[in-house]
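Below, read A as the first sequence line, B as the second, and so on, with proteins coming before strands; counting in each chain starts at 1.
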Amino acid sequence: MKAVYGLYGDGQAAQQAVNRLRAVGVADRDITIHSSQPMEEFEFGHIDSKTWMWWIACGGGLLGMAAALGLSWVSEMSWPIDVGGLPIFAWWPNLIITFELTMLGAILATVITLVVAARLGRSSVLYDPAVSDGMILVGVEGAPESRLQEVETALGATPGEIKTL
Amino acid sequence: MTHPSSQRVNADLLRPLFQTSWRFYLLVTIFGGMVAFAFVSWISQAYFGFGVSGIRWPVYWGFYVTNFVFWIGISHAGTLISAILRLVDAGWRRPVTRCAEVITVFALMIGAMFPIIHLGRPWLAFWLFPYPSERLIWPNFRSPLVWDFFAINTYLTGSLLFLFLPMIPDFAVVRDKATGLRKRIYTALALGWRGTPKQWHRLETAMQIMAIGIIPVAVSVHTIVSFDFSMAPVPMWQSTIFGPYFVAGAIFSGIAGLLIAMAILRRFLHLRDYLRPVHFQNLGKLLLVMALLWGYFVFNERLVTYYGNEPSEMAVFWRTQRESFAPLYWTMVICNFVLPLVLMGIRYFRTITGCVIASLGVVVGMWLERFLIIVPSLGHKYLPYSYGIYRPQPVEIIIAIATFAAMTLLYVLFAKFVPIISIWELKASPPPSPSASARLADARPVAQGEGNL
């Protein structure tokens, strides 16, 4: 099991390398791509773009809202203070806390989803510091020995620096 | 499309992180010394008692609450402006956003200290916390001060995350360039970032969601700060216009703070190729719009009070306009309205220098505005027995000045350890126009020792 990758100077070359890997039967989930910036103008930049993040943020917001309502209700009913004859649990003043915790819930849910979905905090064998200088890495991690030559040929068909780990 | 000058962007923006000059130590010493001096002053206030400050009946809110409102206002520079520019996908925002977001976080931290500084006995701050105790004194959960707690903490948490998330890819760049201990630290901060399409997509989606969430939170924060005043039966405070008036003022002072910070960064870190005149001109136009909006709110507030002709309100009205506070009031009007109108309204003056002068004026003017909202009203309430004066004492003045030193110190330290301009966002921007490209090519290379901190 080895990792083979190519370093390409621009998105067009990286896209060609990805297409050639697909042509030799490498599935999208097995292709590793690293870049130092979002590559939205290329097809490979949209791999894995489906996400539930928006819905999870809404869910986090609802959780925050429920927590705010619960906190307001419990604290105000447990320690009631009469302020100018206003109701002990009144909607108007509690709307503010409800709003703030709703937004906080949505923000925290978004960040947690990002960490989990983007697999942050997990190490990866395949990486090259040249990516930070603007190179685009396209490779296959854990390629079986039998297919190594095929993958190397596919990556090498596009001008770029080919490396094996 | 890969940015043509990817390596140069790295070199220019990472230079302050890897090279340290005497200037950095000098700045840290000067501003750190000022902050330390203010800390000693605060300790002396705690030791000798609150009597060493000028805060006494009936004016219980003075410089400290002025600073609190002012710095919370300045915090609107960053996250709000950055979030709006992100949502509308304004291309020119890219070099500006991080400079702005940093201001938010630090200004909030400084502002949030003042409720504690304002306590005569800060070690009893826990008395404010809502927990069951033998004293049987429960906080009023419907108080605007409780709203402050939730709003400011939500905004601070959101702003910190809003600042941190787009820094992750830049931490990865520093990780790849660094060695030794520095490499280990940035490896931890980069959270294993590789730059896969999935990571980029999730990051950008997260930033979009957070931008949508943080805008109403930012607006709510200063509205709620305004509620600290407008919920109280004090002349010229109980006004329905206070919410938007405070928010407009906050954005106004925030833009001014951002312009000053950008000009300093441009000058001392040699970022002329990144923070270009167009950024100052665009923000200068925003400053002009906010100056007009501020004038509109002041006009509304003043006219309605004048027409109402309520005696206690009119007393405060005239105090500020033609009696003891008149010099401060008219300085505020000149700084917040006349100066930006002239300097930002006339294209000839809308230069970087013009922006900085106008912004300095606005910062002074907005601080005076906060002071003039608080002190004249508290010193002249409804009945003569509650009339009084406020004279700030050295401890308050020192702490007020030190907040600016603290802001500068935090900014300098941040610029030393984190790229102050988002590297990946800059790389992802469209290539510069032909004329700008030519200027970039002709730009004088930065000599050894220049542009570092």
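- Of the residues B:Phe227, B:Trp237, B:Phe229, the one that meets the ring-ring contact (aromatic ring centres under 6.0 Å, His included) test with B:Phe246 is B:Phe229.
- A donor-acceptor pair is defined here as one N or O able to donate and one able to accept, closer than 3.5 Å; such a pair exists between the side chain of B:His76 and the backbone of B:Ala218.
- Here the straight-line distance linking atom OH of A:Tyr127 with atom OG of A:Ser132 works out to 4.0 Å at 0.5 Å rounding.
- Contacts of B:Pro144 with chain A are absent, with no heavy-atom separation under 4.5 Å from either backbone or side chain.
- Using a 4.5 Å heavy-atom cutoff, the side chains of B:Val69 and B:His222 are in contact.
- With respect to chain A, the highest number of heavy-atom pairs below 4.5 Å among B:Val221, B:Thr205, B:Ile214, B:Ile423 belongs to B:Thr205.
- Both the backbone and the side chain of B:Trp424 come within less than 4.5 Å of a heavy atom in chain A.
- If you take CD on A:Glu161 and CG on A:Leu7, they are separated by 5.5 Å, rounding to the nearest 0.5 Å.
- Taking A:Ala118, A:Pro93, A:Pro129, A:Pro38 one by one and counting their heavy-atom pairs under 4.5 Å with chain B, the maximum is reached by A:Pro38.
- With respect to chain B, the highest number of heavy-atom pairs below 4.5 Å among A:Val131, A:Leu101, A:Asn94 belongs to A:Leu101.
- Top candidate by heavy-atom pairs under 4.5 Å with chain B, chosen from A:Leu137, A:Leu126, A:Leu120, A:Ile107, is A:Leu120.
- In this structure, CD1 in A:Ile47 is found 4.0 Å from CD1 in A:Ile33, a value given to the nearest 0.5 Å.
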- Before giving the answer on side-chain contact (heavy atoms from CB on, under 4.5 Å), spell out for A:Phe42 and A:Ile136 the whole-Å C-alpha distance, their side-chain angles and the decisive distance to 0.1 Å. CA-CA 12 Å; A:Phe42 296 96; A:Ile136 301 165; over 6 Å; no
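- The contact between B:Ala206 and chain A is made by backbone and side chain atoms together, counting heavy-atom distances below 4.5 Å.
- In this structure, chain A has no heavy atom under 4.5 Å from any part of B:Phe164.
- If you tally non-hydrogen atom pairs under 4.5 Å between each of B:Asp176, B:Ile212, B:Val173, B:Ile168 and chain A, the highest count goes to B:Asp176.
- Here the closest heavy-atom approach between residue A:Ala17 and residue A:Leu155 is recorded as CB-CD2, 4.3 Å.
- Per-residue heavy-atom pair counts under 4.5 Å with chain B were compared for A:Ala14, A:Ser75, A:Ala130, A:Ala106, and the maximum is reached by A:Ser75.
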- Task: I would like to know whether A:Thr32 and A:Val140 meet side-chain contact (heavy atoms from CB on, under 4.5 Å); could you show each step before the answer?
- Result: CA-CA 6 Å; A:Thr32 302; A:Val140 179; over 6 Å; no
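- For the pair A:Glu100 and B:Ile224, the tightest heavy-atom approach, listed with the atom from each and the gap, is OE2-CD1, 3.5 Å.
- Classification of B:Lys427 and B:Asp170 as a salt-bridged pair fails, no side-chain N sitting under 4.0 Å from a carboxylate O.
- Contacts between B:Leu165 and chain A at a heavy-atom distance below 4.5 Å involve the side chain alone, from C-beta outward.
- In plain terms, the two heavy atoms of A:Ala154 and A:Leu21 that are nearest each other are CB-CD2, 4.1 Å.
- With a 4.5 Å cut-off on non-hydrogen atoms, A:Ile96 touches chain B through its side chain but not through its backbone.
- When heavy atoms are compared at a cutoff of 4.5 Å, B:Leu203 approaches chain A by way of both its backbone and its side chain.
- With a threshold of 4.5 angstrom between heavy atoms, A:Gln12 does not approach chain B through any atom at all.
- Rounding to the nearest 0.5 angstrom, the gap separating the CH2 atom in B:Trp200 from the CG atom in A:Asp48 is 16.0 Å.
- Looking only at heavy-atom pairs under 4.5 Å with chain A, the residue among B:Met210, B:Gln208, B:Glu204 that has the most is B:Glu204.
- Scanning residues 186-196 of chain B against chain A with a 4.5 Å non-hydrogen threshold yields B:Leu191, B:Gly192, B:Trp193, B:Arg194, B:Gly195, B:Thr196, sorted by number.
- In terms of modelled atom types and a separation under 3.5 Å, the side chain of B:Thr79 and the main chain of B:Thr104 share no donor-acceptor contact.
- Most heavy-atom pairs under 4.5 Å with chain B, from the set A:Val115, A:Thr51, A:Leu86: that is A:Thr51.
- Your options are A:Gly61, A:Ser49, A:Gly45, A:Ala57, and the one with the most heavy-atom pairs under 4.5 Å with chain B is A:Ser49.
- Heavy atoms of B:Glu425 lying under 4.5 Å from chain A are absent altogether.
- Side-chain contact between A:Val26 and A:Arg147 is present, with heavy atoms from C-beta onward closer than 4.5 Å.
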